[in-house]
Trainee: 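Pasting in a structure now, in structure tokens, and then I'll have a few things to ask.
Reckoned from all heavy atoms, side chains included, excluding hydrogens, waters and symmetry mates.
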Amino acid sequence: MSTNISALANRPVIIGGGAAGLMTALQLAPEPVLVVSKAPLGAEASSLWAQGGLAAAMGQDDDPALHLADTLAAGADLCDEVTARRIVHAAPAAVEHLAELGVVFDRRSDGGWRLGLEAAHSRNRIVHATGDGTGREIMRALIAAVRRCPSITLLEGVEARRLIVEDNAVKGVLAVNAQGPLVIDTGRVVIATGGIGGLFLDSTNPAGCFGQGLALAARAGAKLSDIEFVQFHPTAFDGPSRPMPLVTEAIRGDGATLIDETGARFMADEPGAELAPRDIVARAVWRRRAEGHRVFLDARKHPGPDFARRYPVISAFCKMAGIDPVTDPIPVRPAVHYHMGGIAVDLEGRSTVAGLWACGEAARTGLHGANRLASNSLMEAIVCAEWVAGSVSNASRGPLKTRATDLALPAPDPSTIRPMMSQGLGVLRERSAIERLVRGLSPIANASNAASDPALVGLMIAVAAHRREESRGGHFRTDFSDTLPAATPSSISVSEAFDAAREIMESEPLSLGSAQS
Ligand SMILES: Cc1cc2nc3c(=O)[nH]c(=O)nc-3n(C[C@H](O)[C@H](O)[C@H](O)COP(=O)(O)OP(=O)(O)OC[C@H]3O[C@@H](n4cnc5c(N)ncnc54)[C@H](O)[C@@H]3O)c2cc1C
């Protein structure tokens with residue numbers, strides 16, 4: 001029998017204890033709120049792993065209008081310009097707010113911001129902390145602030161498994177902890193569960209980030225948007241560790257170059273060279289490797305001897321692998337890193353289901369379009385948390401009581417679908433591989449076992465990728481390599497995904513190679 005934790009009922013429930021979830025909880029204070037996190041705070045959040053920093057127009061030579069222009073250019077015409085403008089204009093104040101909460105950012109000796117440069121930014125505008133430990137420092141301060149805040153109740157070790165929804169409105173959360181199922185009555189839920197990298201074999205994300213929030217929202221009837229846009233980071237550390245350690249772009253911002261095993265610098269003639277948008281660099285590295293080469297980041301001259309001081313985290317894992325970045329090139333390869341799409345929300349984080357909001361990487365606000373500009377994601381999570389909290393706070397909070405449910409839901413486990421996702425949805429995609437993926441995932445998503453929720457999210461991404469017959473930003477189709485003149489955001493529901501999957505299953509399988517046009 002499930003337990004109904006009635007003493008905590010009717011409070012907003014925030015699912016996820018990363019930067020988005022914690023900041024939303026802090027912004028809701030003094031309203032009592034529950035934060036549900038399946039792992040102890042910080043243990044399984046991409047937020048903790050962020051290296052580069054936060055993008056904000058803080059420099060003397062910078063302006064939010066320039067930040068906006070760079071964001072729109074990286075997004076390949078798919079950004080929502082109104083949303084993007086509002087978010088980048090709010091970014092400098094969000095950085096100041098984090099500093100007030102106790103985040104110690106790196107400063108110059110005169111007290112000014114020490115601003116880094118990352119790919120596709122026209123100015124140095126990356127605010128960072130302890131060099132490459134920005135996420136850890138932000139999470140340290142947020143976790144301390146949350147633990148001090150009397151209105152926030154933290155439920156660590158509690159995993160949300162289903163939303164209880166009636167008449168397209170949220171009525172509660174079905175969750176599980178070590179003791180068994182819990183039912184939390186609430187009409188207000190914020191999904192802040194992070195990204196989807198854990199659905200793939202090669203990813204920089206914590207393994208537990210496999211899109212559970214997208215499954216919760218989709219099964220509750222919410223629309224997802226632009227989910228075919230998955231960002232591959234061009235420079236994950238090419239070693240045996242999974243998740244793959246990230247070799248931040250900031251090192252290329254410092255002058256490091258990409259070379260192959262012969263020493264040839266293969267990006268030199270591309271516009272923007274190593275600091276071209278991520279999708280372009282990732283494709284160049286992917287193709288070089290497909291030609292049989294190995295790829296390395298050469299930081300021997302720049303930043304050179306300063307490497308360990310500037311990038312202590314990366315320096316440490318390179319050393320463990322027997323590589324000294326001052327004397328050795330660092331082996332790198334592309335890996336799934338960030339999800340541009342997610343739960344379709346408006347600027348206040350409202351989804352298409354009443355009482356359901358989303359914030360952070362799980363949400364699709366329209367800021368990133370087809371390709372995220374580096375370091376715009378932590379910033380988006382921090383900025384949007386304030387607006388989401390305002391909307392949650394203003395929403396109706398009438399008491400309600402859900403019917404306790406004994407629905408037994410297996411703990412989700414994406415391990416069987418990871419190889420399928422990596423085969424079907426790589427840096428370069430094409431129809432027959434996507435259709436094979438749909439055929440493989442559909443029966444699993446339709447079943448009710450540990451792989452079903454991860455398979456559902458994978459299936460929805462595959463169908464969205466199948467439908468988008470063009471190449472744009474992070475979505476590159478070798479069979480449709482042109483970009484269509486009109487950029488159209490995509491939208492998909494569970495029933496649409498199953499209908500499309502059925503059509504694909506009923507169609508004649510394509511023979512290998514016949515998809516090229
Ligand atoms: C290695 C790495 C480096 C990065 N560097 C940068 C950078 O420099 N700058 C930048 O802007 N972005 C960076 N990013 C991206 C950025 O870190 C993320 O987009 C952002 O932190 C996401 O925050 P979030 O709060 O949405 O999700 P997360 O921080 O991932 O938190 C998700 C939380 O949800 C919990 N959760 C998930 N499912 C459930 C469930 N069913 N029930 C309960 N809890 C659940 C998880 O346990 C976790 O606590 C990086 C990402 C990685 C992986």
Trainee: Heavy-atom distance under 4.5 Å between the side chains of P325 and R300, does that happen here?
Mentor: no
Trainee: Less than 4.0 angstrom from a charged side-chain N to a carboxylate O is my criterion; do K319 and D324 meet it?
Mentor: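 D324 and K319: not salt-bridged.
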Trainee: Determine, for D479 against R431, whether the closest basic-nitrogen to carboxylate-oxygen distance falls under 4.0 angstrom.
Mentor: no
Trainee: Is there a donor-acceptor pair closer than 3.5 Å between any side-chain N or O of R477 and the backbone N or O of H466?
Mentor: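 Answer holds: yes.
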Trainee: Would you call the rings of H67 and H121 parallel, tilted or perpendicular, where under 30° means parallel and over 60° means perpendicular?
Mentor: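 Plane angle between 30° and 60°, so tilted.
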Trainee: Is the closest basic N to carboxylate O distance between R294 and E261 below 4.0 Å?
Mentor: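 No, this pair does not count.
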Trainee: In Å and rounded to the nearest 0.5 Å, what is the CZ to CG distance from R364 to L224?
Mentor: 11.5 Å
Trainee: Looking at R85 and E81, does any basic side-chain N land under 4.0 Å from a carboxylate oxygen?
Mentor: yes
Trainee: Would you check if the side chain of R472 reaches a backbone N or O of A76 as a donor-acceptor pair within less than 3.5 Å?
Mentor: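 Checking the backbone N and O of A76 against the side chain of R472, a donor-acceptor pair under 3.5 Å is found.
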Trainee: Taking the six-membered ring where the residue is Trp, are the ring centres of Y338 and H368 under 6.0 Å apart?
Mentor: yes
Trainee: Measure from NZ or CZ of R136 to the centre of the six-membered ring of W49, then state whether that distance is under 6.0 Å and the direction lies within 45° of the axis.
Mentor: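 Not satisfied by the 6.0 Å and 45° rule.
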Trainee: Could you tell me whether D70 and R125 have a side-chain N and a carboxylate O separated by less than 4.0 Å?
Mentor: yes
Trainee: Are the side chains of L367 and D80 in contact, using a 4.5 Å heavy-atom criterion?
Mentor: no
Trainee: Between atom CG of L115 and atom CG of D106, what is the distance when rounded to the nearest 0.5 Å?
Mentor: 10.5 Å
Trainee: Kindly indicate, with the supporting measurements, whether the criterion side chain to side chain donor-acceptor pair (under 3.5 Å) is fulfilled by T134 and Q51.
Mentor: CA-CA 5 Å; T134 310; Q51 295 176 350; over 6 Å; no
Trainee: Between the main-chain N or O of G197 and the side-chain N or O of N205, is there a donor-acceptor pair closer than 3.5 Å?
Mentor: yes
